[in-house]
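Down below is the structure, laid out as structure tokens.
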Amino acid sequence: MAVLEILEFPDPRLRTRAQPVTSVDDDLRKLVDDMFETMYDAPGIGLAATQVNVHKRIIVVDVSENRDEPHAFINPELSLSGEIVETEEGCLSVPGFYEPVTRYEKAFVRALNPAGDAIELALEGMLAICVQHECDHLEGKLFVDYLSNLKRTRIRRKLEKAHRVRA
Ligand code: GNR
Ligand code: NI
């Protein structure tokens with residue numbers, strides 16, 4: 001297992017649209033394990049392969065208090081429903097910034113699991129929010145895209161400055 005490096009906004013690689021997984025094999029299961037280790041280490045409640053510079057349609061999530069309810073979704077397809085709800089979102093690729101974002105309160109996900117089986121799951125609460133956030137990553141979309149241009153520009157400038165200091 002390995003903790004992978006997480007790309008940070010405004011890295012252009014975060015804008016890549018991920019490709020469907022064509023074979024659920026041992027290499028893919030190793031990547032899923034590394035994504036879980038990276039998410040738990042960060043720590044975060046979700047991670048998309050895009051964030052570790054792998055442009056395949058894979059997400060992992062665990063919104064449980066005890067960090068013991070892992071879900072991995074390969075080639076996820078979402079159906080959204082319910083009310084529109086506002087949540088303070090953050091992102092491991094936008095470290096230190098939290099802003100309100102509106103999403104659907106419920107989602108139904110169809111995907112493959114790491115065994116290669118087709119699965120379906122009804123999602124609500126933070127799990128529904130987080131899976132929508134992760135599926136956006138697979139489209140090259142970030143939560144800051146829902147904010148005003150002014151807020152997004154401020155966040156970009158602060159992170160660019162932090163990256164210069166670190167480099
Ligand atoms: O750790 C995370 N917290 C979070 C909080 C509110 C809404 C979405 C998230 S996902 C984020 C981890 C991450 O960046 N996943 O892509
Ligand atoms: Ni994120």
Side-chain angles (χ1 to χ4, degrees), residues 1-19 21 28 31-78 80-109 111 114 121-148 151-152 154-156 158-160 162-163 166:
M1 298 249 283
V3 172
L4 307 173
E5 189 186 329
I6 298 175
L7 301 178
E8 292 186 6
F9 178 67
D11 191 310
R13 293 171 290 182
L14 287 167
R15 298 313 191 171
T16 311
R17 186 162 185 276
Q19 294 299 314
V21 169
L28 186 113
L31 172 61
V32 168
D33 283 349
D34 289 347
M35 286 175 62
F36 275 121
E37 191 177 358
T38 304
M39 177 189 78
Y40 287 124
D41 176 77
I45 60 171
L47 188 75
T50 309
Q51 293 175 277
V52 294
N53 200 30
V54 176
H55 301 289
K56 296 181 187 170
R57 304 186 80 80
I58 309 164
I59 66 174
V60 297
V61 297
D62 186 344
V63 302
S64 71
E65 200 83 354
N66 294 329
R67 317 293 280 149
D68 60 357
E69 292 174 30
H71 297 276
F73 299 116
I74 298 159
N75 297 341
E77 302 281 353
L78 285 188
L80 304 173
S81 63
E83 308 275 295
I84 305 292
V85 292
E86 190 178 79
T87 312
E88 287 275 303
E89 293 201 15
C91 180
L92 295 172
S93 296
V94 190
F97 296 90
Y98 300 86
E99 295 288 346
V101 174
T102 58
R103 306 260 186 203
Y104 286 90
E105 70 169 337
K106 295 180 180 180
F108 187 79
V109 62
L121 199 61
L123 312 174
E124 56 180 39
M126 206 56 208
L127 189 54
I129 303 297
C130 188
V131 167
Q132 290 172 71
H133 174 116
E134 304 314 331
C135 287
D136 272 358
H137 277 299
L138 302 181
E139 297 301 316
K141 188 159 186 166
L142 297 168
F143 87 91
V144 296
D145 299 343
Y146 297 104
L147 309 179
S148 67
K151 272 193 183 173
R152 187 170 51 259
R154 281 184 178 153
I155 292 171
R156 177 174 54 73
K158 285 180 186 164
L159 284 174
E160 281 171 343
H163 296 159
R166 241 191 279 162

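Every number for a ligand or one of its atoms is a count from 1 in the order of the listing. The structure presented is a predicted model; accordingly, all values stated were derived computationally and were not measured.
Geometry about the Ni ion (ligand 2) gives an angle of 100° between NE2 of His137 and NE2 of His133, rounded in steps of 10 degrees.
Annotation: Glu134 places an N or O atom under 3.5 Å from an N or O atom of ligand 1; distance criterion only. Note: an N/O pair closer than 3.5 Å links Leu92 and ligand 1 by distance alone. For ligand 1, the polar-atom distance check against Glu88 finds no nitrogen or oxygen pair separated by under 3.5 Å. At a 3.5 angstrom cut-off on N or O pairs, Glu89 does not count as close to ligand 1.
Between Ser64 and Asp62, the shortest heavy-atom distance links the atoms OG-OD1, 2.7 Å. In plain terms, the two heavy atoms of Ala48 and Leu138 that are nearest each other are CB-CD2, 4.1 Å. Among all heavy-atom pairs drawn from His137 and Thr50, the shortest one is O-OG1, 3.2 Å. Contact record, Val32 with Pro114: CG1-CG, 4.3 Å, taken as the closest heavy-atom pair.
Protein heavy atom in closest approach to atom 8 (C) of ligand 1: His133 ND1, 3.5 Å. At the shortest separation from atom 1 (O) of ligand 1 among protein heavy atoms lies Ile45 N, 3.0 Å. In terms of protein heavy-atom proximity, atom 6 (C) of ligand 1 is closest to Met126 CE, 3.3 Å. Counting only heavy atoms of the protein, atom 9 (C) of ligand 1 lies nearest to Gly90 O, 3.5 Å.
For atom 12 (C) of ligand 1, the nearest non-hydrogen atom from the set Gly46, Cys135, Gly44, Pro43 comes from Gly46.
Close approach of ligand 1 to His137 is summarised as follows: ligand atoms under 4.0 Å from at least one heavy atom of the residue are 16 (O). Counting atoms of ligand 1 from 1 in the listed order, those under 4.0 Å from a heavy atom of Cys91 are 14 (O).
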| message | Assess the residue pair Leu127 and His71 against the criterion (side chain to side chain contact (heavy atoms under 4.5 Å, CB included)); give the C-alpha distance rounded to whole Å, side-chain angles, the decisive distance to 0.1 Å, and a yes or no. | response | CA-CA 10 Å; Leu127 189 54; His71 297 276; 4.1 Å; yes

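Heavy-atom neighbours of Arg154 CZ from other residues, nucleotides or ligands within 6.0 Å: at or below the threshold of 12. Environment of CD in Glu83: sparse, with no more than 12 heavy atoms of neighbouring residues, nucleotides or ligands closer than 6.0 Å.
The existence of a salt bridge linking Glu139 and Arg57 is confirmed by a sub-4.0 Å separation between a basic side-chain nitrogen and an acidic carboxylate oxygen.
Distances from ligand 1 to the non-hydrogen atoms of Thr87 include no value under 4.0 Å.
Taking 4.5 Å as the limit, some side-chain heavy atom of Thr87 sits within range of a side-chain heavy atom of Met126.
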